[in-house]
Structures are given as C-alpha cells and as structure tokens.
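Here the structure comes first, spelled out in structure tokens, and everything after it is commentary.
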Amino acid sequence: MADFSKLTYYAPQSPTEAPKQFETDLCIYGATPAGIAAAVQASRMGLRSVIAEFGTHLGGMTASGLGRTDAGSKEAIGGISREFYRTLGKHYGSEEPDGAAWAFEPHIAEAIFHEWLERAQTPVYYNQHLDSVDMKNGKIIRMRMENGNTFTASIFIDATYEGDLLARAGVSYHVGREANAVYKETLNGIHFGHPKHNFYAWIDPYRIEGKPDSGLLPGISDEAPGFQGQGDRSVQAYNFRICLTNVPDNRIAFPEPPNYNPDRFQLLSRYIRAGVWDAMQLNKIMPRGKSDLNNRGAISTDHIGANYNWPEGSYAAREAIFQDHVNYNLGMLYFLANDESLPAKVRADARQWGLPADEFVETGGWPHQLYIREGRRMISDVVMTEHHCRKYAVVQDSVGLATYTMDSHNCRRIVLDGRCINEGNVEISPTGPYPISYRAIVPKEEECTNLIVPVCLSSSHIAYGSIRMEPVFMILGQSAATAAALAMEAGCAVQEIDYFKLRERLVLDGQVLHA
C-alpha cells in the first residue's frame with residue numbers, strides 16, 4: 001500500500017525546470033470539470049486552448065470522490081455536461097431512458113476527461129501555481145507562475161474553485177456570508193433553526209461536563225452567536241468526499257493518520273454515547289461495491305470552522321488547512337473503527353468499510369482534492385441571489401440552468417445556552433430550474449474585458465449554494481468557451497458580445513437555457 005501521508009498534498013512540489021512561455025487563443029486556469037468542458041467546446045469552435053492546472057490531476061471533485069452527483073432536475077442538464085453523464089452511462093451499461101449514469105467511480109471519470117482532452121488536442125500543464133497577472137488597458141496579457149512559466153492568451157477563463165485568477169486580475173469579489181440586508185434576501189448570513197445536520201441530543205460542550213472554566217472541547221468556537229441574517233466571514237464547511245468500499249478484496253483498513261489525536265473526537269464520542277450514531281449514514285452507493293461518503297448529522301466529515309482562511313490564503317496556509325482536513329477526516333474514520341470508548345456496534349459498522357485499493361492508488365486510496373464548497377465569489381453587474389432561485393427575478397441572458405436546493409453546509413459550531421449547536425445549514429428548494437445570467441460569469445467591464453468566470457461566478461452565498469454543482473459548472477464552462485470564441489471573432493470585450501448569437505450557438509450545441 002502506498003504511504004499516502006507522504007503523497008497527499010494540496011501543493012506538491014514539481015522538479016525545477018527552465019521556465020517556458022506558452023501562447024494560445026484561450027487559456028483556462030483550472031482543470032476542474034468547468035475547465036475541461038471549456039476546453040472541449042473551444043476545440044469544437046476552432047480555438048487553440050491550454051489548461052494550466054494547480055495540482056496533479058484532472059477533473060476536480062468529479063474525479064476525486066464526488067461520485068454521486070447532486071443534479072437536481074436532470075432535465076436541466078444539457079450540452080457537454082449531459083454528454084459526460086451519457087459517456088459514463090455507456091461505460092456502465094446504463095438502463096436510464098437517455099443512457100446517462102449519475103453514480104460513478106472516480107478513476108472512470110478521470111479517464112473520460114483525459115480521453116476528451118486528448119481528442120480536443122488540449123495540453124494540460126500541471127503544478128502551475130499562479131503568482132501574478134500582467135494587465136494592460138483592462139485586459140489580462142499573461143499569467144505568471146511561481147515556477148517562471150508564463151501563459152499569454154487573447155481570453156482567459158478562471159475555472160478554479162477559489163477564484164485565484166480573478167482576484168489577481170483585480171476583479172471585485174466577496175468571501176463569506178453577506179447579511180440578508182445586502183441583497184434583500186431571507187436565507188443569507190447567520191442562520192439558526194434548520195433541523196438537519198444539528199444536534200439531536202443535548203451535548204455539553206465543555207471538557208469537564210458542567211464546568212465552563214474547563215474550556216471547550218476541540219471543534220467548538222467560543223465566538224458570540226450573533227443574530228439571524230447577520231453577515232460574517234464564515235465559509236460553509238469543507239470535507240473530503242471519501243470513496244469507500246465494503247468489498248473485502250479491495251478494502252484497505254482505515255490507517256492511523258499522521259499526528260493522530262483521539263481527543264479531537266471527544267465531542268463525537270460524547271454524541272454517540274448519548275445515543276446518536278449517524279456520522280457515516282450519508283454513504284451513497286456507487287458501482288462495484290464503492291460509495292461516496294458525505295457529511296451527515298451534527299458531527300461527521302464536515303470540518304466546521306476550519307476553512308475560513310482558505311479562499312484568500314497563501315499556498316502555504318492552504319497546505320496547512322488541507323493537511324488538517326486530511327487528519328480530521330481520516331482520523332475520524334480511524335477513531336470510529338478502533339476507539340474502545342465507543343460501542344462495539346459502532347466500531348463494527350465502521351470497519352465494514354475501508355479505502356479502495358483501486359482508487360487514488362498513489363495515495364493509498366485517499367482522494368487528492370479537498371471539497372472547496374465555496375471560495376471567492378465575483379461581484380459583477382448581475383449578482384445571482386435568492387430572488388433568482390425563487391424566480392422573483394428572471395434574467396433574460398441565460399447561459400444555463402441551475403436547479404439544486406439553496407444549500408449551505410454548517411459554517412460554525414458554537415455554544416448557546418450551555419449546549420453545543422451547529423449554525424449555518426440551509427436546505428430550501430428553489431421553484432424549479434432557473435436561468436443563470438451571462439452577466440454573472442463576466443466581470444464588470446471597467447475591471448477586466450477578457451476574463452470569464454464559470455465557477456466563482458457573481459452570486460450571493462445562498463444562491464451559490466444552489467448553483468455550485470459540478471454538472472452546472474460544466475454547463476457554464478461550455479458557455480464560457482462559446483462566449484470566448486464569439487468575442488475573439490468579433491474582436492470585442494467579452495461583455496460586448498451579441499447575446500442572441502451566443503444563445504443561438506448554445507442551443508445548437510444542446511444547452512438547456514430555459515425550463
């Protein structure tokens with residue numbers, strides 16, 4: 001078994017080579033599904049494109065454990081995004097009416113993405129850590145990497161989960177939860193009262209029960225509760241979407257992670273001993289005896305409150321946060337499977353599962369991508385908000401549909417009236433599929449005229465919770481590349497393209513623009 005503890009990094013170091021210069025029509029920063037869809041569409045429209053990827057793998061979360069896709073209304077998914085799920089269906093022999101498959105193994109997704117980019121003749125350059133951006137007259141001229149490489153292009157797409165390119169280009173953005181008052185919403189900001197993923201038993205938060213002066217258990221914040229709808233810097237919790245298996249011949253027992261400390265799971269132990277055992281219940285089944293483990297309940301894989309410094313953090317700061325999440329997520333699984341303070345049934349339930357030997361082979365079955373549910377969010381001429389999700393406002397320049405629940409994972413774990421509670425979870429369905437504005441994926445024209453942002457688009461916190469699904473990112477990536485091709489053809493800013501031409505081409509290419 002590979003020693004993943006030495007290999008799982010946010011920012012792995014690559015061998016030092018002589019800096020290179022790359023020139024192309026379209027430069028895509030980020031080999032996420034959005035970036036890959038953009039590259040495929042660019043090729044189909046005759047553009048030369050390259051992908052500069054921060055890490056060492058293709059496919060973002062889709063190829064890193066998120067194998068049970070949160071799709072919402074599948075009828076809203078068209079174009080290249082739909083092609084991807086139909087390609088998966090062909091691989092697995094899907095019996096769905098249109099041949100799509102919505103549950104899949106990570107290595108199969110990554111293989112499809114590799115095949116697509118080879119067919120599109122799009123080179124991917126890995127370990128490209130963005131350092132700076134050269135601007136001239138409101139346009140990005142080139143990206144400069146820490147290793148000295150430069151990427152020059154006519155148009156750029158920021159397909160990262162964090163929005164690193166848009167930030168270095170000086171584009172406006174927001175991090176955290178806006179107050180409800182900012183966009184006249186009802187579900188943004190601090191949010192108490194949602195019944196899901198909270199404590200179903202009264203749990204004392206103190207190291208010595210009943211003694212506040214003994215200090216709080218690990219994982220609990222001492223900050224003030226605040227008030228409903230108040231804005232703050234909190235970011236909804238991250239985790240790893242961990243691919244597990246219960247097939248004995250393919251199962252690796254959960255190893256003890258580096259710097260393992262069972263004390264950080266005492267709150268979980270206290271909760272289980274109070275009678276609630278649900279930390280591994282959101283374990284969605286995938287093909288070939290595998291599953292996609294996600295957060296479930298009050299204390300599970302979500303590392304609440306540990307990610308606030310990620311969106312704007314340095315690469316070194318992100319590395320520390322990444323490793324802390326590895327330690328927390330793997331440590332929790334090891335704790336559940338082995339700690340003798342837990343009931344025997346809990347340990348037996350956990351030991352049914354393990355890491356798959358045939359996934360993420362170089363890291364011992366552990367996924368390479370941390371689930372960045374929310375990073376920076378651009379602020380542009382149109383900000384997608386709760387009003388769009390509920391269809392109180394409907395945009396006329398659609399570049400794709402979103403349909404998933406207005407969803408925020410918990411943002412804080414605090415003390416209220418002497419008990420432990422989680423705060424920030426929201427799960428409210430929109431009123432069916434709704435259109436996403438083209439103006440929400442391009443910056444304000446006075447800030448940058450040759451950048452398109454299909455992932456960290458212009459959106460409030462709560463609307464982003466609905467939009468932020470991998471199928472939607474692929475939809476927006478395709479639309480971004482189409483817009484880039486039209487802007488290059490017309491010789492104009494991305495904000496000035498003819499929307500009717502864009503809509504005509506998107507519909508021709510199978511995009512679903514209206515419910």
Are any non-hydrogen side-chain atoms of Tyr29 and Phe156 less than 4.5 angstrom apart? no
Sequence neighbours excluded - salt bridge (Lys or Arg N to Asp or Glu O under 4.0 Å) pairs with any residue from residues 99-111: Glu105-Arg288, Glu105-Lys290
Under the ring-ring contact (aromatic ring centres under 6.0 Å, His included) definition, can you give me all pairs with a residue in residues 423-458, not counting sequence neighbours? none
So which pairs with a foot in residues 119-138 pass salt bridge (Lys or Arg N to Asp or Glu O under 4.0 Å), sequence neighbours left out? Glu115-Arg119, Asp134-Arg142, Asp134-Arg144
With sequence neighbours excluded, what pairs up with Tyr404 under the ring pair (Phe, Tyr, Trp, His ring centres under 6.0 Å) test? none
Heavy-atom side-chain contact between Ile497 and Cys492 under 4.5 Å: yes
Under a 4.5 Å cut-off applied to non-hydrogen side-chain atoms, are Leu165 and Thr160 in contact? no
Asn425 to His194 - nearest heavy-atom pair and separation: O-CB, 3.2 Å
Does Asp407 come within less than 4.0 Å of Lys196, counting only side-chain N to carboxylate O? no
N/O donor-acceptor pair under 3.5 Å between Glu185 side chain and Asn180 backbone: no
Residue pairs passing the ring-ring contact (aromatic ring centres under 6.0 Å, His included) test with at least one member in residues 53-80, sequence neighbours excluded, are Tyr10-Phe54, Phe54-His129, Phe54-Tyr315, His57-His368
Would you call the rings of His409 and His197 parallel, tilted or perpendicular if under 30° counts as parallel and over 60° as perpendicular? parallel
For Phe22, enumerate each residue passing the ring pair (Phe, Tyr, Trp, His ring centres under 6.0 Å) test, keeping only those at least two apart in sequence or located in another chain. Tyr125, Phe151
Any carboxylate oxygen within less than 4.0 angstrom of a Lys/Arg side-chain nitrogen, looking at Glu223 and Arg233? no
Could you please spell out the steps behind the ring-ring contact (aromatic ring centres under 6.0 Å, His included) verdict for Phe322 and Tyr238? CA-CA 10 Å; Phe322 183 98; Tyr238 299 169; over 10 Å; no
Counterpart residues, ring pair (Phe, Tyr, Trp, His ring centres under 6.0 Å), relative to Trp102 (two or more places apart): Tyr85
Taking side chain as C-beta onward, heavy atoms only, is Ile140 less than 4.5 Å from Cys448? yes
Residue pair Thr431 / Arg390: nearest heavy atoms and the distance that separates them: OG1-O, 3.1 Å
Is there a donor-acceptor contact under 3.5 Å from the side chain of His325 to the main chain of Ile321? yes
Nearest heavy atoms of Arg82 and Ile77, plus distance in Å: CD-O, 3.2 Å
Side chain to side chain donor-acceptor pair (under 3.5 Å), that's the test. Do Thr482 and Gln41 meet it? Break it down for me. CA-CA 7 Å; Thr482 306; Gln41 181 68 8; 3.1 Å; yes
Tell me which pairs pass salt bridge (Lys or Arg N to Asp or Glu O under 4.0 Å) where either residue lies in residues 45-57, with sequence neighbours left out. Asp25-Arg48
So which heavy atom on Ile157 is nearest to which on Ala38, and how close? CD1-CB, 3.8 Å
Can you pull the salt bridge (Lys or Arg N to Asp or Glu O under 4.0 Å) pairs that have at least one residue in residues 436-449, sequence neighbours excluded? Asp397-Arg439
Within the structure provided, determine whether His461 and Glu374 are in side-chain contact (heavy-atom separation under 4.5 Å). yes
Mind checking whether Tyr161 and Tyr371 have ring centres under 6.0 Å apart? no
How close do Ser429 and Thr405 get, heavy atom to heavy atom, and via which atoms? OG-OG1, 3.8 Å
Residue pairs fulfilling side-chain hydrogen bond (donor to acceptor under 3.5 Å, both in side chains) with at least one residue in residues 484-506, sequence neighbours excluded: Arg505-Asp509
Just jot down the salt bridge (Lys or Arg N to Asp or Glu O under 4.0 Å) partners of Asp158, sequence neighbours excluded, or say none. none
If the condition is salt bridge (Lys or Arg N to Asp or Glu O under 4.0 Å), which residues does Lys391 pass it with, not counting sequence neighbours? none
